[in-house]
2 protein chains.
Amino acid sequence: MYYTSNCSFNFSPNTLLPKMLMNRISCTLKNDIVRSIGHCTEVPRNVNMEKLQHGYLFPEIERRELLHLKKYPHANVIDLGIGDTTKPLPEIVTSSMVDFVHGLSTAEGYKGYGPEQGEKAMRKAIADAFYKDLGIKPSEVFVSDGAQCDISRLQLLMGPNLKIAVQDPSFPAYIDSSVIIGQAGKFVDRAGKYENIEYLTCRPQTDFFPDLQTTSRPQLIFFCSPNNPTGHAATRKQLEQLVNFAKVNGSIIIFDAAYSAYITDDSPKSIFEISGAREVAIEVSSFSKFAGFTGVRLGWTVVPEELLYSNGFPVLHDFNRIMCTCFNGASRIAQAGGLACLSPEGLNALQSLVDYYMENARILVNALTSLGLIVYGGKNAPYVWVHFPGSNSWNVFAEVLEKTHIITVPGSGFGPGGEGYIRISAFGQRDSIIEASKRLKNLLYQKEL
Amino acid sequence: MYYTSNCSFNFSPNTLLPKMLMNRISCTLKNDIVRSIGHCTEVPRNVNMEKLQHGYLFPEIERRELLHLKKYPHANVIDLGIGDTTKPLPEIVTSSMVDFVHGLSTAEGYKGYGPEQGEKAMRKAIADAFYKDLGIKPSEVFVSDGAQCDISRLQLLMGPNLKIAVQDPSFPAYIDSSVIIGQAGKFVDRAGKYENIEYLTCRPQTDFFPDLQTTSRPQLIFFCSPNNPTGHAATRKQLEQLVNFAKVNGSIIIFDAAYSAYITDDSPKSIFEISGAREVAIEVSSFSKFAGFTGVRLGWTVVPEELLYSNGFPVLHDFNRIMCTCFNGASRIAQAGGLACLSPEGLNALQSLVDYYMENARILVNALTSLGLIVYGGKNAPYVWVHFPGSNSWNVFAEVLEKTHIITVPGSGFGPGGEGYIRISAFGQRDSIIEASKRLKNLLYQKEL
C-alpha cells in the first residue's frame, strides 16, 4: 500500500505509481506522496488523466537536472534544454510596460478588467504586424497568455469526440492536451502511441513532411512550423498540400507558428499565406520566443470567420465563448509591452534578438557538423536537431549531461519519431553556446579515441 | 439559411440562432456572422458548446450598455454591473512591478519561464499570508492568472463524468464551465436548469445556505463565500455542516474565496479554517478583488495533499499535471506585484482599498434600505443584493438602466434562484456611488408618486 489511507490504491512498485512518482510532482513533494495520510473521497480519478503516460517532458528534464546538481554540486551546467529565452528585453518594450504600471497607481491610469479577447489596439496591432496582406481582421485575433494555454483552450473548444493527427515528432502539449480532453484513447506501449491519435511521421527522408497519401481523414491536424523540435519550416508547397488535404477531407488545421519570426528563407510565416487557409485553419502564436516574453506571458490565436463546423456554425463564435468563460484576458501589462513590440522601433529591436539566437544556432550547427554528426534545424528556428542513429534518446541525453554538464532534450520526448535524436536549444547566452560547443567537441573527440 | 455556405445550418429565426446572435460575439461581429461566406469542414460542433444557453452574462450586459449608449449618447452611465475595481494600486505594489520590469531589460534582471506552479517565494507568501495557522504548505499552493481560469482548469482536472452541485444563485462560470466540459446534461427550459447539475437553493429564509437534508450526493460542490452575487458569507457553523456533508458523502468542495478579504465579521475567510476541510476541499482565490488586480491577472488554488480520489490517488498530483500542461505560469510581473501585496506594508495599503469599497457598500445599502427595499449583502462583500419580489430581474435591470443610466446585474443571470433580484456592485468611485444612490432614490420616489 502506498497510501496510509483507507482506500484501495495499491499499485505495486513496478506498475504505474513509481512512474508517476518519478514525474514532476516529485520535485516538490518528493517522498511525501508515499507517506501522505489522506482521505479517499468518492470522486473517481478522471480516466483521461489516468491515461497520461508520464510526467510532462520538461519537468522530467528539470528533475534530472536537479539530480545531476546533487551529484555534481559545483558543475557549471549549461541549460540548452527547454527553449527558454535569455536576452534582456529591448528598452522600448520595458519602458512601455513601466509607464503602464506607473499609471495603475494613478486615478487616470488605473485599469481594471480588459476585454477577454484582448485590447482592441492589441488585436489590431497583431493583425497589422503579422497578417498585413492576408486579410485577417482584428476581430479574428484573440489575445492570450501564451500558445500552450491556447492549445488547451482549443481542445476544450473542440471536445473529446474528434479524431486528431499530430506531426511526429512534435511539441508534447498537443498530445498531452488531447489525452486530457479525452480524444486519445488507450496508450499502446509497444508502439509508444495513443490508439486514437494519428502520428504523422516527419523524417528527414521526406523533408520532414508527412505522407498525406497514407494519412486517414483526421478532423483536427496539429501542425507546427517551424517545427519544434526539428526546426524544419514547412515550404510553401508543403503547406499548400496540407491546406488542400484539409479542404478535401474536411479537417481543421491547428497551425502553431510560435517560431515563425525565426524563418530566414521564403517559407511561409503564417498558414494564412496559403490560399484557402482561412476556410480550414486556426493559427496559434506567441510573443514568448519572438519577443522574449516567456516570463511575461502573451500570445494569440487567429480564428477566421469563414471556418465553420459541419453544421455551418462559425468556429470563431464558440472560441469567443471559451475565451469569455474559461479565460479573463491577458495581463494588461503584458499587452502594453506587446504593443510596444509591434511598433516599428520595437520590431526593429526584436529583430536583433532573433538574429542573436540564430547566430547561436549557426555556431552550434557548425560545431556539430564539423564533428561529422547529422544535424538538422538551426536555419529557420533556434533549435538544432541532432541524429544519433540507433541510439536511445534518453541515453544520449544522459551521456551528454553526465560528461559535459549540458542539458539537452531527448528527441523521444517529442514522440516515437524523435527516437535517436536530441534537441539542442540555441536560446542561450553567446558565451554559454561557445562553451557548450567546445564541450561537445571534446566529448565526441574523446569518444572517437 | 443564415450562412451563405454550402452547409446545412438553417436554424429558423425563432430557434437557437437569434439567441446566439444576441450574445457576446455580436459585439464584435454584429451582422457579419449572418453575412459570412464560409466553408463547412467535416468537424462537428462540440455538443457541449451547443448546450450553452446564451451569452456569458457580463458580455450580454455590455451589449445592452452599448445599445443604451446609442440611444442616449450623452448619458452619464454609472457602471455598477461587473464587479470591476476602480481604485489605483498602492505605490508599493506598482513600484515592485516597475523594478521587476526594469530588470527585464538588463542582463542580471532578465527572467524567462518561471515554474508553472508559480515562483517559490510567491507560493510561500500566499501560504503565510492567508493560511498561516491552517497548515497549508507552499507546495499545495498553485499560482495562476485568476480564479475564473482556475475554475476551468479544475473542470479539466475532474473531467466530464461527475455529478456537480452549485449554489443557486452563484457566479455563472461554475455552470458554464461544467457545460463546456460535459457534466451538465440537457438544459430544461421550464426549470431554467441543466438536468445533471444540482442547484442548491440559497435563499434569505435559510440564511443563504442550502438544505443539505434534501441534497443528493454530488461528487463536486462549488461553493462561493462570500457569495457572488448575494454577498452572504457563510458562517462557521454553515461551513462545518458543508465539510461534514462532503465527508459523509465522499464529495469534493471547490471553495471560491475570491471575496474573503471583504469579510468583516468572524465568518471563516478560508474553508481550511474548518477542521477536516483539508481532506475534502480545494480553495480557489484571487488578487483581483483583494488587490485591484482585475487587469493585472493573478490568482491561486490550494489543493491539499490529503485530498484523494476514490482510488487513493492524490488530487494534487493531477492538478499539478494540468498546470504544467495547460498553463505556463502566471506573468512574473504580476507575481512581483503579488509579492509586494503580501508584504506588511502592502497588506496595510490594501486594507484601505477594501475599507473604501466597503464604505461604498454601506452608502448603497443605507440608501436602498431607507427606501424600504429588501437589501442583502454589503456587509461581508462589496455586492448589494436587492430583492424586488415578483418582478423579473431583466425587467428591473432594464428599468433601472433606462431611467437612471445605472448598470446593475439581473439576479437571474446567476441562476433561477436569483430571479427577482438585482446585484449592485460597490466597486465604484465614491462620487459615482453617491450619485447612483441619489438617482435610485429619485427613481423609487417617483414610482411611489
Side-chain angles (χ1 to χ4, degrees), chain A residues 3 5 7 9 25 28 36 38-46 48-49 56 59 84-85 88-89 91 94 97-98 101 104-106 110-114 139 145-146 148 152 159 176 219 250 252 279 294-295 297 305-306 308-313 317-318 320 324-326 328 331-334, chain B residues 3 5 7 9 24-25 28 36 38-46 48-49 56 84-85 88-89 91 94 97-98 101 104-106 110-114 139 145-146 148 152 159 176 219 250 252 279 294-295 297 305-306 308-313 317-318 320 324-326 328 331-334:
Chain A
Y3 294 89
S5 73
C7 329
F9 187 66
I25 199 64
T28 44
S36 77
H39 161 77
C40 284
T41 62
E42 292 193 19
V43 177
R45 187 175 176 212
N46 184 344
N48 298 325
M49 295 301 297
Y56 189 67
D84 196 4
T85 47
L89 300 185
E91 184 76 28
T94 51
M97 291 196 278
V98 162
V101 174
L104 290 178
S105 65
T106 67
Y110 181 76
K111 295 210 190 291
Y113 285 120
S139 58
D145 60 335
Q148 184 169 330
S152 280
D176 284 359
Q219 288 161 309
I252 292 178
E279 301 184 340
T294 43
R297 309 306 312 141
E305 286 172 18
E306 289 94 322
L308 310 178
Y309 289 116
S310 56
N311 69 349
F313 195 84
H317 194 152
D318 275 353
N320 185 73
C324 294
T325 308
C326 307
N328 225 329
S331 173
R332 299 183 85 161
I333 305 169
Chain B
Y3 294 89
S5 74
C7 330
F9 187 66
R24 161 150 222 122
I25 199 65
T28 44
S36 78
H39 162 77
C40 285
T41 61
E42 293 192 19
V43 177
R45 186 176 176 213
N46 183 344
N48 298 325
M49 295 301 297
Y56 189 68
D84 196 4
T85 47
L89 300 185
E91 184 76 27
T94 51
M97 290 196 278
V98 163
V101 173
L104 291 177
S105 65
T106 67
Y110 181 76
K111 295 211 190 289
Y113 286 119
S139 58
D145 59 337
Q148 184 169 329
S152 281
D176 284 359
Q219 287 160 309
I252 293 178
E279 300 185 338
T294 44
R297 310 303 314 139
E305 285 172 18
E306 288 94 321
L308 308 178
Y309 291 115
S310 56
N311 68 349
F313 196 84
H317 194 152
D318 274 353
N320 185 74
C324 294
T325 308
C326 307
N328 224 329
S331 173
R332 299 183 85 161
I333 304 168

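This is a predicted model, so every value here is computed, not measured.
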- prompt: Partners of B:Thr294 by side chain to side chain contact (heavy atoms under 4.5 Å, CB included), sequence neighbours excluded?
  reply: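 B:Thr294: side chain to side chain contact (heavy atoms under 4.5 Å, CB included) contacts with A:Tyr110, A:Tyr113, B:Asp84, B:Thr85, B:Ser288, B:Lys289.
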- request: Sort out for me which of B:Gly112, B:Gly146, B:Ala334 touches chain A most, counting heavy-atom pairs under 4.5 Å.
  value: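 Among B:Gly112, B:Gly146, B:Ala334, the one with the most close pairs to chain A is B:Gly112.
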- request: Compare every heavy atom of A:Glu279 with every heavy atom of B:His39, then report the nearest pair and how far apart it is.
  value: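 Scanning both residues, the minimum pair turns out to be CD2-O, 3.1 Å.
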- request: Determine the option with the most heavy-atom pairs under 4.5 angstrom with chain B, choosing from A:Gly114, A:Ser105, A:Ser152.
  value: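 Winner by heavy-atom pair count: A:Ser105.
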query: Of the listed residues (A:Asn328, A:Val101, A:Ile252), which shares the most heavy-atom pairs with chain B below a 4.5 Å separation?
result: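 Highest number of heavy-atom pairs under 4.5 Å: A:Asn328.
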- request: Mark yes or no for whether A:Thr41, through its side chain, and B:Leu308, through its backbone, hold a donor-acceptor pair below 3.5 Å.
  value: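 Checked: pair present.
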query: Taking the side chain as C-beta and beyond, is there a heavy-atom pair between B:Leu89 and B:Met97 under 4.5 Å?
result: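 Heavy-atom side-chain distance check passes, below 4.5 Å.
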- prompt: Which bit of A:Ser331 comes within less than 4.5 Å of chain B, counting heavy atoms only: side chain, backbone, both or neither?
  reply: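 Backbone plus side chain of A:Ser331, per the 4.5 Å heavy-atom cut-off to chain B.
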- prompt: Under a 4.5 Å heavy-atom cut-off, does chain B meet the side chain of A:Thr106, its backbone, both or neither?
  reply: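 For A:Thr106, backbone heavy atoms alone lie under 4.5 Å from chain B.
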- prompt: Excluding sequence neighbours, so at least two apart, what forms salt bridge (Lys or Arg N to Asp or Glu O under 4.0 Å) with A:Glu42?
  reply: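 Partners of A:Glu42 under the salt bridge (Lys or Arg N to Asp or Glu O under 4.0 Å) test: B:Arg217.
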